[in-house]
Amino acid sequence: GGTRAKESCAAAPGARRDRPARSTQRLKELIARSHAGPAGFIGRGYSLPDLGRLVRHDLPQGGPAEIGGLRISGRAGGGNVVYLPPDGLGRPATIEMSAGLRDACFVFDADLTMAPVINAHAAGQLAVFSGGIPSVGHGGKLSLTMFRRDQTFFWGKGSTSNGVGVQLCGDERFIAVGDDCMFAHGIEMRTHDMHALIDMGDGRQTNQPASITIEPHVWIGPHVSLGKGVVVGFGSVIGARSFVNRSIPRFCMAAGLPARIVRRGTSWDRKSEAEPDTFLRLAETAASVADRTPLPPELDPGHPSAQSVALW
């Protein structure tokens, strides 16, 4: 129970508290190292955990091991750390390490309702899971594979999942999920097509990996695939079995293969019946969050870009 988890967490070798200001600044610096530009996600709507309330542990270089509900397996290099709540995790999480993993950081916030399984393979990786709402009923399933160096995965506060598979490819790429998002089951997010496409004229690879941003308060329906480089805007809804290979603006409903906007000026609520002022609250919140969504003309219904294809 909670007592055993607390004892396990407190007694683990290498456990220590960081000074709040310094540790939180370190987390911001880790994210900003390669993601501080316009495509980055530091700011309002992407709530960072308070590292001063968490306990820092050095990850063992070999498993199996367990620290405060975190299961660790495999073998890795040195310098890897994890932040956990003092009472341990409410749901078990797993890190499966590879030999190339070193100088990585994993953060699991208090009240986390996720149960992620992380496969970590390279140096400088950062995965941050902000806290959730314990009363939310959802599966909390997420599988994350991080292949290359200096990658970042961020899961926002209060965001929920019933089954997401994430593959991060490409050095210094990130996937950021804002606060209060809702993911159904059977969802895939990939920053790459997994296999190279080559221009036969000059030999260039034409499908380089690219980061993904899901802005706050987005609802992703079941069996949706999200491709490299997309941004899904605040408050939007993606219909079931869609393939998103272009960015979606804020407050839109999109669906299809590939996804196209089917309705603008729309959003959603977790409740089955929305409160009368919900739309005002959403509009006010959206105005305070930086808009990272491009608005290319291809997103308009009937545009000839419908010839785009899904590679996976």
Side-chain angles (χ1 to χ4, degrees), residues 5 46-47 49 63-64 66-74 82-85 87-98 104 106-121 125-147 151-169 174-192 194 212-227 230 232 236-244 268 270 312:
Y46 305 83
S47 299
E66 182 172 341
I67 306 172
L70 174 65
R71 300 164 182 166
I72 304 156
S73 64
V82 61
Y83 288 85
L84 296 170
D87 293 332
L89 295 172
R91 288 184 174 181
T94 301
I95 298 178
E96 299 176 358
M97 308 182 299
S98 292
F106 305 91
V107 181
F108 300 89
D109 203 359
D111 293 333
L112 181 66
T113 59
M114 302 293 296
V117 176
I118 304 169
N119 289 270
H121 296 284
Q125 295 179 339
L126 172 66
V128 179
F129 294 88
S130 294
I133 306 169
S135 61
V136 170
H138 68 102
K141 298 177 182 178
L142 185 143
S143 173
L144 168 63
T145 303
M146 306 175 75
F147 287 103
Q151 294 179 327
T152 298
F153 179 80
F154 180 87
W155 187 264
K157 185 176 182 64
S159 290
T160 57
S161 163
N162 277 323
V164 181
V166 180
Q167 295 195 7
L168 257 168
C169 300
F174 69 80
I175 291 179
V177 175
D179 298 344
D180 191 33
C181 290
M182 186 168 67
F183 287 70
H185 59 275
I187 296 167
E188 291 189 347
M189 290 193 286
R190 299 183 183 181
T191 58
H192 195 268
M194 305 308 294
I212 296 172
T213 301
I214 310 299
E215 290 194 344
H217 195 70
V218 168
W219 177 9
I220 308 291
H223 302 290
V224 168
S225 295
L226 295 144
V230 303
V232 180
S236 287
V237 179
I238 307 298
R241 302 186 183 278
S242 298
F243 173 62
V244 182
W268 62 281
R270 289 182 185 269
W312 47 272

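Residue indices begin at 1 and follow the sequence shown.
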Would you say the side chain of [Y] lies within less than 4.5 Å of the side chain of [X], judging by non-hydrogen atoms?
X	Y	answer
Tyr83	Val128	no
Phe153	Ile118	no
Trp155	Val166	no
Arg71	Pro64	no
Leu142	Phe183	no
Leu144	Pro116	no

Kindly write out the residues that satisfy side chain to side chain contact (heavy atoms under 4.5 Å, CB included) with Trp219, not counting sequence neighbours, or none if the list is empty.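 Result, side chain to side chain contact (heavy atoms under 4.5 Å, CB included) vs Trp219: Met182, Val237, Trp268.
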
Which residues share a side chain to side chain contact (heavy atoms under 4.5 Å, CB included) with Ser236, sequence neighbours left out: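 Testing Ser236 for side chain to side chain contact (heavy atoms under 4.5 Å, CB included), a comparison that skips the adjacent residues, returns Val232, Ile248, Cys252.
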
Give the minimum heavy-atom separation between [X] and [Y], together with the two atoms involved.
X	Y	value
Ile72	Ile67	CD1-CD1, 3.9 Å
Arg190	Met194	NH1-CG, 3.5 Å
Tyr46	Pro216	OH-CD, 3.6 Å
Asp179	Ser47	OD2-OG, 2.6 Å
Val107	Pro49	CG1-CG, 3.9 Å
Ala120	Phe106	CB-CZ, 3.8 Å

To the closest 0.5 Å, what do you measure between [atom1] ([X]) and [atom2] ([Y])?
X	Y	atom1	atom2	value
Gln167	Ile175	CD	CD1	9.0 Å
Ile238	Ile214	CD1	CD1	7.5 Å
Lys157	Leu112	NZ	CG	10.0 Å
Leu70	Phe108	CG	CZ	5.0 Å
Ile212	Leu168	CD1	CG	7.5 Å

[X] side chain to [Y] backbone, donor-acceptor under 3.5 Å:
X	Y	result
Ser161	Gly140	no
Asp109	Ser130	no
Ser159	Cys181	yes
Gln125	Met146	yes
Asp180	His217	no
Arg91	Met114	no

Set of side chain to side chain donor-acceptor pair (under 3.5 Å) partners for [X], sequence neighbours left out:
X	value
Asn119	none
Ser73	none
Ser242	none

What salt bridge (charged side-chain N to carboxylate O under 4.0 Å, His left out) pairs are there with at least one residue in residues 212-225, not counting sequence neighbours?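 Pairs touching residues 212-225 that pass the test: Glu215-Arg250.
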
Is there a side-chain contact (heavy atoms from CB on, under 4.5 Å) between Leu126 and Phe154 once you walk through the steps? CA-CA 8 Å; Leu126 172 66; Phe154 180 87; over 6 Å; no

Please state whether the rings of Phe147 and His121 are parallel, tilted or perpendicular, taking 30° and 60° as the class boundaries.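 Parallel: the ring planes of Phe147 and His121 meet at under 30°.
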
